[in-house]
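Presented below is the structure to which this report refers.
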Amino acid sequence: MLLAAFEFPHIDELFRWKGLFFGDTAYEINKTSLLVLISSVMILLIFVGGSRRMRLIPTKLQSILEMTFEFIDHGITRDVVGKDAGRFTPFLGSLFLFILFLNFWEIVPFIQFPPTARFAIPLYLALQTYFIYWYLGFRHNGYRYLTGHLFPAGVPKALYILVTPIELVQIVIVRPFSLAVRLLANMMAGHILLTALALLTAYALENAPIIAIGPFLLNVGVTGFELLVGFLQAYIFTLLTAVYIADSIHPDH
Amino acid sequence: MHDILLAVQEAGELKDGLSSIGAGIAYGAAAIGPGIGIGIVVGNAITAMARQPEMSGPIRTTMFLGIAFTEALALFGFVLFFLAKG
């Protein structure tokens with residue numbers, strides 16, 4: 001009953017940020033774009049700086065970087081795309097690290113906003129993947145890439161009336177859209193959940209301090225859970241990109 | 001005149017309330033299928049890992065893929081929730 005008057009702010013207040021620099025121009029920078037720029041520079045500094053003087057007996061930073069490379073090169077590229085697909089590791093690796101760094105801003109104290117919760121960023125990344133797998137598909141298999149998908153072998157001829165439209169919608173719309181929406185919705189849901197619990201804690205502290213321990217402990221637990229979600233979503237996005245690329249290169253597998 | 005204004009205002013509130021209820025039901029319904037589906041995917045992956053622990057790596061990768069495809073339906077519902085609530 002005490003908490004009945006609690007009112008959650010409108011969704012725009014959680015995701016719309018005012019411009020910080022260059023306001024009212026096309027180059028306006030707000031919290032979202034600033035975080036994207038900072039993450040790109042951070043990734044560049046850590047990886048270029050860490051691989052400058054490589055030693056046989058690695059330092060702490062070097063062994064972390066090597067583990068990251070191993071994880072992407074073996075766990076994603078070579079296992080999913082193919083044994084000789086090392087040329088995709090730079091793309092998949094930068095995709096994974098970019099999404100990972102953006103997702104982790106969600107739980108960094110005093111920043112606590114994942115830029116991937118704005119649709120522009122997941123949509124851009126998904127469209128990038130979309131164009132890359134179409135290009136690779138036509139480059140490696142020519143027009144048979146399209147016909148192989150639309151008219152799968154071993155299906156009775158009469159069923160093509162049903163199968164072909166479904167497959168068409170699948171590869172043209174559903175794939176890129178679900179790739180973008182999966183990342184967006186996960187980060188958005190996490191941000192809303194954390195904000196709701198934090199506001200509930202603040203509200204309960206004012207009105208009934210004893211109850212505040214509940215939402216506070218829950219908030220701490222959910223923050224730990226979001227660490228897992230942020231990593232898992234970056235992994236799944238990269239894994240699906242790898243699967244789509246593999247499907248473009250060898251469509252019959 | 002006053003009565004008409006009141007009625008119009010109430011109709012607006014009614015529409016807001018109904019669309020909120022609709023959004024809530026849409027999300028709840030969209031979560032049923034994927035909930036069951038993810039349960040089946042993970043349950044079978046655990047069975048497979050318990051039977052053949054040496055295959056854990058590939059099974060885990062495939063499990064995440066299955067979860068990702070199943071989960072997409074629930075997330076469409078989540079986006080629809082915000083669209084419908086308007």
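Note on naming: letters A, B, ... go to the chains in the order of the sequence lines (proteins, then strands), and numbering restarts at 1 for each one.
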Might you work through the side-chain contact (heavy atoms from CB on, under 4.5 Å) test for A:I192 and B:F82, ending with a clear yes or no?
CA-CA 12 Å; A:I192 293 174; B:F82 287 104; 3.5 Å; yes
Checking heavy atoms, do the side chain of A:L179, its backbone, both or neither come under 4.5 Å from chain B?
neither
Could you have a look at A:I236, A:L184, A:N186 and say which one has the most heavy-atom pairs with chain B under 4.5 angstrom?
A:N186
Among residues 20-45 of chain B, which ones touch chain A with a heavy-atom distance under 4.5 Å?
none
Is atom OH of A:Y135 surrounded by more than 12 heavy atoms (other residues, nucleotides or ligands) closer than 6.0 Å?
no
If you draw a 6.0 Å radius around OH in A:Y124, do more than 12 non-hydrogen atoms from other residues or ligands fall strictly inside?
no
Using a heavy-atom distance cut-off of less than 4.5 Å, which residues of residues 49-70 of chain B contact chain A?
B:T61, B:F64, B:L65, B:A68, B:F69
With a 6.0 Å cut-off (strictly less than), is the heavy-atom count around CZ of A:F15, excluding the residue itself, greater than 12?
yes
Heavy-atom cut-off 4.5 Å, strictly under: side chain, backbone, both or neither for A:V174 against chain B?
neither
